[in-house]
2 protein chains.
Amino acid sequence: MSNQDPPGHSGRPGAEGAWDATLSRHRSRNRERIAATAMELIGEHGLAHVSMSSLAERAGVSRATLYHYFPDLDHVLLAWVELQVDRFVSRVELLAGAEPDPRARLTLIIAQLTDYFASRDHRLGLEQLGTLAVAPVTARAVAERMSPLMELVSDCLRTGQKMGQFRPELDPEVHASLILGLLGAMRPHLVSGRYAPGGAARAVSSLVLEGVTRR
Amino acid sequence: MSNQDPPGHSGRPGAEGAWDATLSRHRSRNRERIAATAMELIGEHGLAHVSMSSLAERAGVSRATLYHYFPDLDHVLLAWVELQVDRFVSRVELLAGAEPDPRARLTLIIAQLTDYFASRDHRLGLEQLGTLAVAPVTARAVAERMSPLMELVSDCLRTGQKMGQFRPELDPEVHASLILGLLGAMRPHLVSGRYAPGGAARAVSSLVLEGVTRR
DNA sequence: GCGCACTATAGACAGTCTGTATACTTTCTG
DNA sequence: CAGAAAGTATACAGACTGTCTATAGTGCGC
């Protein structure tokens, strides 16, 4: 899937055409920087109060340039989600790729996600974007970009089921989103410092593992 | 706590002064109708694409009148959350008030929340408002309005701990928000029809109860 | 029955934001 | 160096915001 949108702005978030030209390193770095700036702003003022204009100003780029990079604000979010998910998934795959035991794998994924949430205190959690803030088209597109992360978890659950460790009756997809929801709910407590990342990871892991384990 | 804002618009979401005049039945019904309309619109287009103007139009009210009721869109959401939480909490208290057993109480609350989410398919889940969509002040105010719901759950957990049924080491407040987060994550699956409310409630209950029960 | 306070509305205002377009300058690349 | 791509300035119509003033409708006590 294309990581970028053509400057011509192919259209709605869900279905951008592949842009076969290779983007310069500079351009893609700029895209990333702008997206990160957008998330900073959103964290400060809330999505509803962030404009393309203020983003252009904060990112130190002209408004015209901004529209060169993204057709609208929704696409900025989309790019950000895609970036974060890609990065996160490849990191976890690096760490947990060799781990055959589903329980250990799941624990590791949860620990990594907790770390992720805890380290980006003032930034935003991935999970908070698939919501009612943006247009439904965008929400669907966000969900789609999230799917590699979902699959990371649901695959793990499926393997556990096949190996007889996890309950056969649970739906791996549904449970995967429950686990991510759980982590999202934990985020405020991580950010506030009420829970240390380690403690949070343990709490979520134990909740999840006990709910998932075959008795 | 005041359910309304004075027409003079006292200021920021967090701290509106008490407005001691009694509001006419008509006025408070109108407020409610407008808030519900706002949520409809947000569900259709996403918060970022809903304006006071479009809300006025859809609600069949002039823009000036809208500004008479609410100082801005954030306050509309706030009013809606307060209404829903009040309604939900009093309903659960009616149903579960007499139930002394924490496990049964928790199960009932979860079932009620699942029903709530399932019945309002195209509307919005309560949980999706405490996010990055609105200004941080508003987000805090929303969290505050959510607290009766939170307390419903955390009280239940505390009682269970005192009675020795639930693990003493878990933090009731944190766990309460985890449970609500879990329910929020279940909502899309309820809406999509993938899970029947009963099944969802059972899935969440079992996940929660097993994670919570003292071994 | 009358006036008064409250409520609703209309219309206007300056200011901001959007998305688009055109045309100019800078920077990269072959 | 020439041509392409990226970035910029500027302008535009249309929409939205929040505020204001003035006007019309409503319910209530006296």
Side-chain angles (χ1 to χ4, degrees), chain A residues 4-13 16 19-34 37-38 41-42 45-79 133-135 137-138, chain B residues 4-13 16 19-34 37-38 41-42 45-78 134-135 137-138:
Chain A
Q4 322 291 353
D5 296 325
H9 303 336
S10 63
R12 303 278 71 230
E16 50 261 1
W19 191 27
D20 36 14
T22 342
L23 280 175
S24 71
R25 192 148 216 77
H26 170 256
R27 186 170 168 86
S28 84
R29 254 206 305 266
N30 241 12
R31 257 180 85 89
E32 184 169 345
R33 192 177 56 79
I34 291 172
T37 309
L41 271 177
I42 291 174
H45 305 118
L47 174 62
H49 302 287
V50 171
S51 64
M52 288 291 265
S53 300
S54 57
L55 174 53
E57 194 181 355
R58 173 76 80 96
V61 100
S62 83
R63 212 164 64 82
T65 307
L66 186 50
Y67 277 103
H68 260 302
Y69 280 91
F70 303 98
D72 54 34
L73 199 53
D74 281 6
H75 279 81
V76 183
L77 305 190
L78 227 44
V134 292
V137 226
T138 312
Chain B
Q4 322 292 352
D5 296 325
H9 302 334
S10 62
R12 302 279 70 230
E16 50 262 359
W19 191 29
D20 38 14
T22 343
L23 279 176
S24 70
R25 191 151 215 77
H26 170 257
R27 185 170 168 85
S28 83
R29 254 207 304 266
N30 242 12
R31 258 181 84 88
E32 184 169 345
R33 193 179 55 79
I34 291 172
T37 310
L41 270 177
I42 291 174
H45 306 118
L47 174 61
H49 302 286
V50 171
S51 62
M52 288 290 263
S53 300
S54 58
L55 174 53
E57 193 181 357
R58 173 75 82 95
V61 100
S62 82
R63 214 164 63 83
T65 307
L66 187 50
Y67 277 103
H68 258 303
Y69 279 92
F70 303 99
D72 54 35
L73 198 54
D74 281 6
H75 278 82
V76 183
L77 304 189
L78 227 44
V134 291
V137 226
T138 312

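Quick caveat: nothing in here was measured; it's all calculated off a predicted structure. Per chain, numbering begins at 1; letters A, B, ... match sequence-line order. Below, all heavy atoms of this structure are taken into account, side chains as well, without hydrogens, waters or symmetry copies.
Nearest heavy-atom pair across R58(B) and L41(B) is NH2-CD2, 3.6 Å. Taking every heavy atom of both residues into account, Y69(A) and R31(A) meet most closely at O-NH1, 3.1 Å. Heavy-atom minimum distance, V50(A) versus H45(A): CG2-CB, 4.4 Å.
At least one side-chain heavy atom of L66(B) sits under 4.5 Å from a side-chain heavy atom of I34(B).
Although no hydrogens or angles enter the test, the distance criterion places a donor-acceptor pair under 3.5 Å between the side chain of D72(A) and the main chain of H75(A). Under a 3.5 Å cut-off, the side chain of R33(B) and the backbone N or O of A59(B) do form a donor-acceptor pair.
Judged as a side-chain contact (heavy atoms from CB on, under 4.5 Å), and not counting sequence neighbours, the contacts of E32(B) are L83(B), R87(B).
Here dT18(C) presents its P atom at 9 Å from CG of L66(A), a figure rounded to the nearest Å. Atoms NE2 (H75(B)) and P (dG18(D)) sit 11 Å apart, rounded to a whole Å. The nearest whole Å value for the distance from the OH atom in Y67(B) to the C1' atom in dT7(C) is 19 Å.
Less than 4.0 Å separates DNA chain C from at least one heavy atom of each of the following residues of residues 49-58 of chain A: S51(A), M52(A), S53(A).
A side chain to side chain contact (heavy atoms under 4.5 Å, CB included) with F70(B) is found for exactly one of L77(B), L78(B), V76(B), L55(B), namely V76(B).
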Dump every N/O contact between nucleotides 7-11 of chain D and the protein below 3.5 Å, one line per pair.
from   : atom 1 : to     : atom 2 : distance (Å)
dG7(D) : OP1    : Y69(A) : OH     : 2.7
dG7(D) : OP2    : R27(A) : NH1    : 3.4
dG7(D) : OP2    : Y69(A) : OH     : 3.0
dT8(D) : OP2    : T65(A) : OG1    : 2.6

